[in-house]
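Okay, structure first, notes after.
Note that the structure is predicted; figures quoted are calculated from it, not measured. Just so you know, residue 1 is the first one in the sequence shown, and it goes up from there.
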Amino acid sequence: MARVEVVVVIKSEILDPQGKAILGALGRTGHPGFAQVRQGKHFDLEVDDSVTDAELEEIASTLLANPVIEEWQIRRLPDAAPSA
């Protein structure tokens, strides 16, 4: 089995009201220094080794994200170290 991370965020040219709200809250709660916040979704998938990158791309673009307004990154994660 392999671990895969898919991160989905709203495209930069699309208004992100939740990100703007978080950015405002950061300033109001005494956390200066943040210029931008973009909100998104994070998926951890555990997949069979036979699942290809092309399949992951298809799943991300048709099931996990809305390609009209969102963009995504797929990353295969290293296996966890065996426990002692």
[X]: side-chain contact (heavy atoms from CB on, under 4.5 Å) partners, not counting sequence neighbours:
X	answer
Val9	Val7, Glu71
Gln39	Ile10, Asp16, Gln18
Lys41	Val8, Phe43, Glu70
Val51	Val47, Asp48, Glu55, Leu56

Would you give the length of the straight line joining atom [atom1] of [X] to atom [atom2] of [Y], rounded to the nearest 0.5 angstrom?
X	Y	atom1	atom2	result
Glu5	Arg3	CD	CZ	8.5 Å
Glu58	Leu64	CD	CG	11.0 Å
Ile74	Ile59	CD1	CD1	8.5 Å

Inset, instruction - Could you tell me which residues satisfy side chain to side chain donor-acceptor pair (under 3.5 Å) with Asp53, sequence neighbours excluded, listed by chain and number? - result: Arg76
Inset, instruction - Please report the shortest heavy-atom distance between Trp72 and Ser61, naming the atom on each side. - result: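 Closest pair (atom of Trp72, atom of Ser61, distance): CZ2-CB, 3.4 Å.
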Inset, instruction - Please answer: with hydrophobic residues joined when any side-chain heavy atoms are less than 4.5 Å apart, are Leu63 and Val4 in the same cluster? - result: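 Leu63 clusters together with Val4.
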Listed pairs under 3.5 Å, donor-acceptor, residues 27-37 side chains, sequence neighbours left out:
unit_1: Arg28; atom_1: NH1; unit_2: Gly24; atom_2: O; d: 3.3
unit_1: Thr29; atom_1: OG1; unit_2: Ala25; atom_2: O; d: 2.7
unit_1: Thr29; atom_1: OG1; unit_2: Leu26; atom_2: O; d: 3.3

Legend entry - Heavy-atom neighbours of Lys11 NZ exceed 12 at 6.0 Å: yes
